[in-house]
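Throughout, protein chains are lettered first and strands after them, A, B, ... in sequence-line order, and every chain is numbered starting at 1. All values derive from a computational prediction rather than experimental measurement.
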2 protein chains.
Amino acid sequence: MKKLENKLEQNKVRPTAMRLLVLKALQNQKAAVSLQDLEMTFEKADRVTLYRTLKTFQDKGLVHSIEDGTGATKYALCQDGCECAPEDMHVHFFCNSCNDTFCLPKLKIPSVSLPQGFIPVETNLLVKGICANCS
Amino acid sequence: MKKLENKLEQNKVRPTAMRLLVLKALQNQKAAVSLQDLEMTFEKADRVTLYRTLKTFQDKGLVHSIEDGTGATKYALCQDGCECAPEDMHVHFFCNSCNDTFCLPKLKIPSVSLPQGFIPVETNLLVKGICANCS
DNA sequence: CATTAAGTTGCAATGAGATTGCGTTTTTAT
DNA sequence: ATAAAAACGCAATCTCATTGCAACTTAATG
Ligand SMILES: [Mn+2]
Ligand SMILES: [Mn+2]
Ligand SMILES: [Zn+2]
Ligand SMILES: [Zn+2]
């Protein structure tokens, strides 16, 4: 599969063995993963290397991170056309039952009219509840 | 000031000396405070006691907590009529310039129509940008 | 191809924030 | 006055994030 390599190179990330493995692992996920989740999908992998890999992926726009209130940052691959940049962020959903965190890329965050003087740059919307798998 | 005592008792919190001090300190804040912020407003106070005080206040509906992405949980007094319970949550604003976090109690979180099967219970909306003081 | 520079990885260590255990003190109930 | 319950203070622990540095790998250069 050269597709993985291409994806990395298109984002100006050097396709090392580790990164290819991480990218493939991320693609297999249905829900967002924490660093620890990712660590457990590999037999033998260094936490810090995975950490830095995710950081790199995020810097280069391959993944975005999600704060779901659990304390552990979750990561998910950006969809095509996913502008993780300040604008155009989508809704995230945390399931209180299975503890999975999902991207809802179809759902754009509605804009709110802030009080005088407040200038928005970035918006995060997290919904907690029961996911489709658990309901 | 018996008002502070009344407020605690109305929320079924025993008005100890420490709790009265914390409540007064919280009322003096314009922005939400972290545990460390609170700790620094006192000359001599134990972090854990403050932590447990905030926990108690939160359990009894006196304050609500805010995750603003800084890693440190922020706390703010509930306004009158503030239903921190799942529904009726308001928007929060984090200023990238002064790093203060504000409640915007006037701004209700718009409801989003989730995909089939997703059942919302609680929603959090955090806007980051420049606050009125900094703009 | 040989050499050097640049980037990546693994392992140990550190930092920040949250949370717990427990003995002591204070408050409330009998 | 005495016993029970609650709150407090201090030390210790835990989780997750982050850094330092030497070893290793890859890319660039002559
Ligand atoms: Mn997402
Ligand atoms: Mn608030
Ligand atoms: Zn679920
Ligand atoms: Zn500001």
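One interatomic measurement links the two molecules: CG of A:L21 to C1' of C:dT9, which rounds to 13 Å at whole-angstrom precision. Taking atom CG of B:L54 as the reference point, atom C1' of C:dG17 lies 14 Å away to the nearest angstrom. Rounded to an integer number of Å, the gap from A:M18 CE to C:dC11 P is 12 Å. Taking atom CG of B:L38 as the reference point, atom P of C:dA18 lies 12 Å away to the nearest angstrom. Rounded to whole Å, atom P of C:dA16 lies 11 Å from atom CZ of B:R47. We find that NZ of B:K74 is positioned 13 Å from C1' of C:dG17, with the value rounded to whole Å. The distance from atom CG of A:L8 to atom C1' of C:dG7 is 15 Å, rounded to the nearest whole Å. The separation between A:R19 atom CZ and C:dG10 atom P is 11 Å, rounded to whole Å.
Nearest heavy-atom pair, A:R19 versus A:F57, reported as atom, atom and distance to 0.1 Å: O-CZ, 3.7 Å. The heavy-atom pair separating A:L62 from A:V13 by the smallest distance is CD1-CG2, 4.1 Å.
Of all nucleotides in DNA chain D, those with any atom nearer than 4.0 Å to a heavy atom of chain A start and finish, going 5' to 3', at D:dC16 to D:dA27.
Between A:H64 and A:H90, the ring planes lie perpendicular to each other; the angle is over 60°, past the 30° to 60° tilted range. Ring pair B:F102/B:F93 is tilted by interplanar angle, where 30° to 60° counts as tilted.
Hydrophobic cluster membership for B:I66: none, as no Ile, Leu, Val, Met, Phe, Trp or Tyr side chain comes under 4.5 Å of it. Cluster partners of B:L126, by chain and number: B:F94. The rule joins Ile, Leu, Val, Met, Phe, Trp and Tyr whenever side-chain heavy atoms lie under 4.5 Å apart.
If B:T56 and A:A72 are placed on DNA chain D by their nearest nucleotide, the residue sitting closer to the 5' end is B:T56. For the pair A:R14 and B:G71, both in contact range of DNA chain C, the more 5′-proximal nearest nucleotide belongs to A:R14.
Judged as a salt bridge (charged side-chain N to carboxylate O under 4.0 Å, His left out), the pairs with a partner in residues 59-73 of chain A (not counting sequence neighbours) are, in order, A:D68-A:K74. For the side chain to side chain donor-acceptor pair (under 3.5 Å) condition, the pairs that include at least one residue of residues 33-45 of chain A, sequence neighbours left out, are A:S34-A:D37, A:E39-A:R47.
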Extract from the structure each pairing of a protein N or O with an N or O of nucleotides 20-23 of chain C at less than 3.5 Å, listing the distance.
residue	atom	partner	partner atom	Å
C:dG21	O6	B:R52	NH2	3.0

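Within the 4.0 angstrom heavy-atom criterion, base atoms lie near A:T49. Contacts of A:T73 with the nucleic acid, taken as non-hydrogen atoms under 4.0 Å apart, involve only primed sugar atoms and P, OP1 or OP2.
Rounding to the nearest 0.5 angstrom, the gap separating the CG atom in B:L54 from the CG atom in B:L26 is 6.5 Å.
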